[in-house]
Amino acid sequence: MKKSLIVIMAVIMVVTCLFAGCEKKPEEPVVTPKVAGVPEEPAAPTTKVEVDEKKGKDYTTIEFGRYPSTELDAKKDADIIEALGKLAESEADAKTGYFTYKDTQYQKEIKIVKDEDGLDVTEVHWFEVEPISWIVLEEKDGKLFVIAEENVNAVPFNKTPEDTNWAISTLRDWLNGLNEYKNTFNFYNCAFTAEEQSVIVTQDITTAKNADYNTESGEAVKDRVSILSVEQIEDSKKWADGLFNEDKDELTLGRACGNTEYSLFKGAAAHISYDRKNSSWYWLRNSGANAKQATYVNEMGNTISAGYTVSFPQNGVRPTLVLDTANIILK
């Protein structure tokens, strides 16, 4: 009898498992570590690239590459906007997404806003693709080290608020056309022609750990396009005739950075400093107080070592490049 009872209980347990489903220990998710992308080397230069140079009172600038900047005015540019509106989406350039009208390129942006009744309204904004102005920070050994005069866009340091660093950040990927941005619109391909890409020098980038918080900032990488580090800014006394230096009041307004109309449209927070219209924050390469934060320069030009959340979408992007002077002609 006892043996029969045990058999019956076993049968009941089997039937219960079949109909109710026995709980299994969930499998551990497989996490693939992010790997730092490596930019491809472009073809060797076949011709020299002409670059406009402007010598100002405080520093020299050059115009190199092109990127969306000034928004078309609904009244003044009504004819152009109307003509652009008639172009089919298929007429956009496959590499950059730009539309061309009368030999000028334009970037189309869509914005959803609420009307007075709370209903969604689709707005279309057009931005002219214009030359990028770069400040010449240093000329040495046949190389020009330059930084964008204004923020060119507002992009998170990393798309998601997870542990990251410069080497594996989505900002680096977007600037250089790596990983998920390799075959989609990225800054490198949208801003520079093949001829211009050929005179951009690949930089060996090493980013030190955060000196205040001892946070690691990632492995050494090779960048075609980069951004500044905390150390570069603090060691910048030789750059651009002291533009990045502290003045007698220990302010660093020369480091403050303005915005293009396009970067403001894309979300750059428009603070107003003493001498920079619409100046705002821009990212630096170093990690912040922890691996979910990255350092930045604020609207007054001060370096903030504690950083801000890497997924913050309102920090500006101020790219840096190294150009080979042997293959450019300054005009």
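Worth knowing before you read on, the calculation uses all heavy atoms, side chains too, and leaves out hydrogens, waters and symmetry mates.
Between the CD1 atom in I112 and the CG atom in D120 there is a gap of 6.0 Å [rounded to 0.5 Å]. Between the CD1 atom of I62 and the NZ atom of K331 there is a distance of 12.5 Å, given to the nearest 0.5 Å. Taking CG from L321 and CZ from R224, the interatomic distance works out to 9.5 Å, rounded to the nearest 0.5 Å. Rounding to the nearest 0.5 Å places CD1 of I233 at 10.5 Å from CZ of R285.
Inter-residue side-chain proximity for S229 and L284 is flagged as unmet; no heavy-atom pair is nearer than 4.5 Å. Side-chain contact check for D223 versus W166: some heavy-atom pair is nearer than 4.5 Å. A heavy-atom distance below 4.5 Å is not found between the side chains of V146 and I135. Using a 4.5 Å heavy-atom cutoff, the side chains of L175 and N186 are not in contact. Within the 4.5 Å cutoff, the side chain of T104 has heavy atoms near those of the E128 side chain. The shortest side-chain heavy-atom distance between N210 and T295 falls under the 4.5 Å cut-off. Inter-residue side-chain proximity for I328 and E50 is flagged as unmet; no heavy-atom pair is nearer than 4.5 Å. Within the 4.5 Å cutoff, the side chain of V225 has no heavy atoms near those of the R172 side chain.
Between Y262 and Y67, the ring planes are perpendicular. Angles over 60° get that label, and only those under 30° would be called parallel. Below 30°, between 30° and 60°, or above 60°: for F265 and H125 the angle between ring planes is between 30° and 60°, a tilted geometry.
Crowding of D103 atom CG: a count of heavy atoms from other residues, nucleotides or ligands under 6.0 Å not exceeding 12. K75 NZ: 12 or fewer foreign heavy atoms inside a 6.0 Å radius.
Ring centroid separation for the pair F187 and Y181 does not come in under the 6.0 Å cut-off. Aromatic pair Y308/W283: ring centres not closer than 6.0 Å.
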task = Run the numbers on E53 and K55 for salt bridge (Lys or Arg N to Asp or Glu O under 4.0 Å), then give the verdict.
result = CA-CA 7 Å; E53 180 183 38; K55 293 186 179 295; 3.6 Å; yes
Stepwise ring pair (Phe, Tyr, Trp, His ring centres under 6.0 Å) test for Y296 and F157: CA-CA 10 Å; Y296 65 95; F157 191 88; over 10 Å; no
Under the salt bridge (Lys or Arg N to Asp or Glu O under 4.0 Å) criterion, do K182 and E40 qualify, and how do the steps go? CA-CA 10 Å; K182 185 174 183 178; E40 297 177 359; 3.1 Å; yes
field: Stepwise side-chain hydrogen bond (donor to acceptor under 3.5 Å, both in side chains) check, N151 with S280
entry: CA-CA 8 Å; N151 287 324; S280 65; 3.3 Å; yes
**Prompt:** Stepwise, does the side-chain hydrogen bond (donor to acceptor under 3.5 Å, both in side chains) test hold for Q105 with D93?
**Reply:** CA-CA 10 Å; Q105 292 179 309; D93 183 83; 5.7 Å; no
- Would V155 and W174 satisfy side chain to side chain contact (heavy atoms under 4.5 Å, CB included), going step by step from the backbone distance to the final call? CA-CA 9 Å; V155 179; W174 174 75; 4.0 Å; yes
- Working for ring pair (Phe, Tyr, Trp, His ring centres under 6.0 Å), residues W126 and F99: CA-CA 10 Å; W126 293 96; F99 291 83; 5.5 Å; yes
**Report entry** Test side chain to side chain contact (heavy atoms under 4.5 Å, CB included) applied to T309 and K292, step by step
**Finding:** CA-CA 6 Å; T309 304; K292 290 183 174 65; 5.8 Å; no
Step-by-step side chain to side chain contact (heavy atoms under 4.5 Å, CB included) determination, K159 to E180
CA-CA 12 Å; K159 288 170 64 175; E180 66 178 288; 2.8 Å; yes
- Just do the side chain to side chain contact (heavy atoms under 4.5 Å, CB included) check on V49 and I329 with the steps written out, would you? CA-CA 6 Å; V49 176; I329 301 173; over 6 Å; no
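With K108 as the fixed residue, the salt bridge (Lys or Arg N to Asp or Glu O under 4.0 Å) test singles out one of E71, E89, E123: E89. Partner of Q203 under the side-chain contact (heavy atoms from CB on, under 4.5 Å) criterion, out of I200, I205, T206: I205 alone. Residue T325 is tested with K140, K143, E139 for a side-chain contact (heavy atoms from CB on, under 4.5 Å); the sole match is E139.
When the side chains of ILVMFWY residues are joined at heavy-atom separations under 4.5 Å, either directly or via intervening members, I227 and V38 end up in two distinct hydrophobic clusters. Grouping the Ile, Leu, Val, Met, Phe, Trp and Tyr side chains by contacts below 4.5 angstrom, directly or via other members, places I80 with I110. Follow the hydrophobic side-chain contacts under 4.5 Å out from L137 and you reach V201 in the same cluster. Cluster membership check: Y101 does not share its hydrophobic cluster with V129, using side-chain heavy-atom separations under 4.5 Å among Ile, Leu, Val, Met, Phe, Trp and Tyr. Y106 and Y98 fall into different hydrophobic clusters, defined by Ile, Leu, Val, Met, Phe, Trp and Tyr side-chain heavy atoms under 4.5 Å apart, directly or through other members.
Salt-bridge check for E63 with K54: passed, with a basic side-chain N closer than 4.0 Å to an acidic carboxylate O. We find that K266 and E109 are joined by a salt bridge, their nearest charged nitrogen and carboxylate oxygen being less than 4.0 Å apart.
For the residue pair N189 and Q197, a side-chain donor N or O sits within less than 3.5 Å of a side-chain acceptor on the partner. Defined by atom type and a distance below 3.5 Å, a donor-acceptor pair is present between the side-chain atoms of D212 and S305. A donor-acceptor pair shorter than 3.5 Å can be found between the side chains of T70 and E130.
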